[in-house]
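A short write-up of the structure that comes next.
Quantities reported herein were computed from a predicted structural model and do not represent experimental measurements.
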Amino acid sequence: MYKRQASEIRMQARESLKNKWSQVVLLTLIYTAINIGINSLSSFVPFLGILCLIITVPFEIGLVFSFIKIYKNETFSYGDLFTLTLDNFGKVWKVVGNILLKLIVPIILLVVSIFALVLGIVFLGIASNSSDASSIFSTLGIIFVILGYIGYIASLIFLYVKSLLYSVSYYILYDNPNMTGKQIVEESERIMKGQRGKYFGLHLSFIGWGLLAILTLGIGTLFLTPYVQFATIVFYEDRTGKLSYVQDSTPNI
């Protein structure tokens, strides 16, 4: 099966966004405003941080599902952002739980690396404050800091690369609401094998738009977010053979 390139996927996303820009931009604005409010609340009331995290993850998936409904030309209202979040609250966390289980090795390596880095800093602190056996603590400190730093960078890369296998899990959940969290994660792994580089390249191709969004003080994000989401939906449909390809004459962006 022919796998479309990033430029073709972006073109298809733009074609799918025709006559929908006002809808998706307003949806993104509503989501962004509420998300900022939730994060602000957690910063003022620290103990609510975990509760806000529990809410914001399904809320983000509610946004993704809303974009999918608009993409598929299904009946949509802005209230769906909230109903889709509530209706899939438990399912989302089951998928997240299974993803975390799949990522347990790089997560453990990351924690160990941080521990080694902290231990090295402690040893260096002891060496600087004590003349007794300072050379031993200094040597140990340098070794642990170097190993911890290398391990930290390596485990972050490992974690990111492995996590790409599960990047289409929520799109699978939307199409297959009766699948278990484990089945969804395994299906995402199957679809993304051999496709992680293409997925990364697709998102990397939006870097220019990301810089433009920064230069517009974040206003451009209201347009960039749905553009990227629609491109990701197209990527998923292309890799699963569901995409009905449309050619247009607009220049590549």
Side-chain angles (χ1 to χ4, degrees), residues 1-21 23-25 27-28 31 60-76 80 84 88 91-92 95-96 98-99 102-103 160-210 213 221-253:
M1 181 175 63
Y2 173 66
K3 301 293 193 302
R4 291 166 177 82
Q5 302 302 311
S7 60
E8 297 174 286
I9 290 173
R10 293 198 310 272
M11 182 277 291
Q12 178 74 17
R14 293 193 302 273
E15 184 68 18
S16 299
L17 277 163
K18 284 182 177 179
N19 303 317
K20 299 174 182 176
W21 278 109
Q23 192 175 32
V24 296
V25 168
L27 174 64
T28 306
Y31 168 82
E60 181 180 351
I61 305 310
L63 178 67
V64 172
F65 284 7
S66 296
F67 282 134
I68 295 174
K69 290 193 74 171
I70 295 172
Y71 170 85
K72 292 177 177 287
N73 296 311
E74 297 175 356
T75 302
F76 171 78
D80 289 343
L84 288 169
N88 295 280
K91 295 177 184 177
V92 167
V95 173
V96 171
N98 278 275
I99 291 175
K102 290 284 188 176
L103 297 175
Y160 175 73
V161 171
K162 189 170 177 60
S163 68
L164 290 177
L165 287 172
Y166 314 109
S167 54
V168 297
S169 295
Y170 303 116
Y171 305 94
I172 297 171
L173 173 59
Y174 185 88
D175 286 341
N176 305 273
N178 294 322
M179 288 178 67
T180 65
K182 185 174 184 291
Q183 290 172 329
I184 288 170
V185 169
E186 289 176 347
E187 178 64 9
S188 178
E189 196 172 42
R190 184 191 67 79
I191 293 171
M192 289 300 294
K193 278 187 177 178
Q195 300 301 317
R196 284 179 287 184
K198 297 292 184 183
Y199 181 88
F200 176 75
L202 171 63
H203 284 256
L204 187 64
S205 70
F206 287 101
I207 189 169
W209 287 101
T221 305
L222 299 177
F223 297 86
L224 179 60
T225 298
Y227 188 13
V228 173
Q229 281 298 325
F230 269 55
T232 306
I233 296 168
V234 172
F235 178 91
Y236 163 70
E237 291 202 337
D238 180 56
R239 266 52 185 181
T240 55
K242 299 177 181 179
L243 181 63
S244 176
Y245 194 62
V246 179
Q247 182 69 42
D248 76 356
S249 56
T250 58
N252 290 336
I253 298 178

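- For D175 and K72, the salt-bridge test passes: some basic side-chain N is under 4.0 Å from an acidic carboxylate O.
- By the 4.5 Å heavy-atom criterion applied to side chains, I172 and V95 are not counted as neighbours.
- In this structure, the side chain of E8 engages the main chain of Q5 through a donor-acceptor pair within 3.5 Å.
- Rounding to the nearest 0.5 Å places CD1 of I68 at 9.5 Å from CZ of F230.
- Checking each of V185, I184, L173 against M179 for a side-chain contact (heavy atoms from CB on, under 4.5 Å) leaves exactly one that passes, namely I184.
- Contact check on K182 versus E187 returns no salt bridge, with no Lys/Arg side-chain nitrogen under 4.0 Å from an Asp/Glu carboxylate oxygen.
- Counting only heavy atoms from C-beta outward, the side chains of T232 and Y171 approach each other to under 4.5 Å.
- Pairing each heavy atom of K91 with each of P177, the nearest pair is NZ-O, 3.6 Å.
- Remark: the backbone N or O of S66 is not paired with any side-chain donor or acceptor of D80 at under 3.5 angstrom.
- Put simply, the side chain of Y236 does not reach to within 4.5 Å of the side chain of Y174, judged on heavy atoms.
- In this structure, K20 and Y71 approach most closely via the heavy-atom pair NZ-O, 3.4 Å.
- In this structure, E189 does not pair ionically with K193, as no charged nitrogen and carboxylate oxygen lie closer than 4.0 Å.
- For the atom pair E237 CD and I233 CD1, the distance stands at 7.5 Å (nearest 0.5 Å).
- A pairwise comparison of heavy atoms in F206 and L202 identifies CD1-O, 3.2 Å as the closest pair.
- Counting heavy atoms from C-beta on, the side chains of V24 and I70 come closer than 4.5 Å.
- For the pair S169 (side chain) and Y166 (backbone), a donor-acceptor distance under 3.5 Å is present.
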Next item on the list: Please assess L103 against S163 for the test side-chain contact (heavy atoms from CB on, under 4.5 Å), listing each intermediate value before the final yes or no.
Entry: CA-CA 7 Å; L103 297 175; S163 68; 4.2 Å; yes

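- Distance CZ/F67 to CZ/F76: 8.5 Å, rounded to 0.5 Å.
- Residues L17 and P226 approach most closely at CD1-O, 4.4 Å, considering heavy atoms.
- For I207, the CD1 atom sits in a loose shell: 12 or fewer heavy atoms of surrounding residues, nucleotides or ligands are nearer than 6.0 Å.
- No side-chain heavy atom of R239 sits less than 4.5 Å from a side-chain heavy atom of Y199.
- Defined by atom type and a distance below 3.5 Å, a donor-acceptor pair is missing between the side-chain atoms of Y170 and E60.
- Atoms OH and CG, from Y31 and L63 in turn, are 6.0 Å apart once rounded to the nearest 0.5 Å.
- Note that CD of E186 is 12.5 Å distant from CD1 of I191, once rounded to the nearest 0.5 Å.
- Considering all non-hydrogen atoms of both residues, V161 and R196 come closest at O-NH1, 3.1 Å.
- For Q183 (side chain) and T180 (main-chain N/O), a donor-acceptor pair under 3.5 Å exists by modelled atom type.
- Shortest non-hydrogen contact noted between S205 and A6 is OG-CB, 4.4 Å.
- For K69 (side chain) and F65 (main-chain N/O), no donor-acceptor pair under 3.5 Å exists by modelled atom type.
- In this structure, N88 contributes its side chain and L84 its backbone to a donor-acceptor pair below 3.5 Å.
- If you take CD on E15 and CZ on R10, they are separated by 15.0 Å, rounding to the nearest 0.5 Å.
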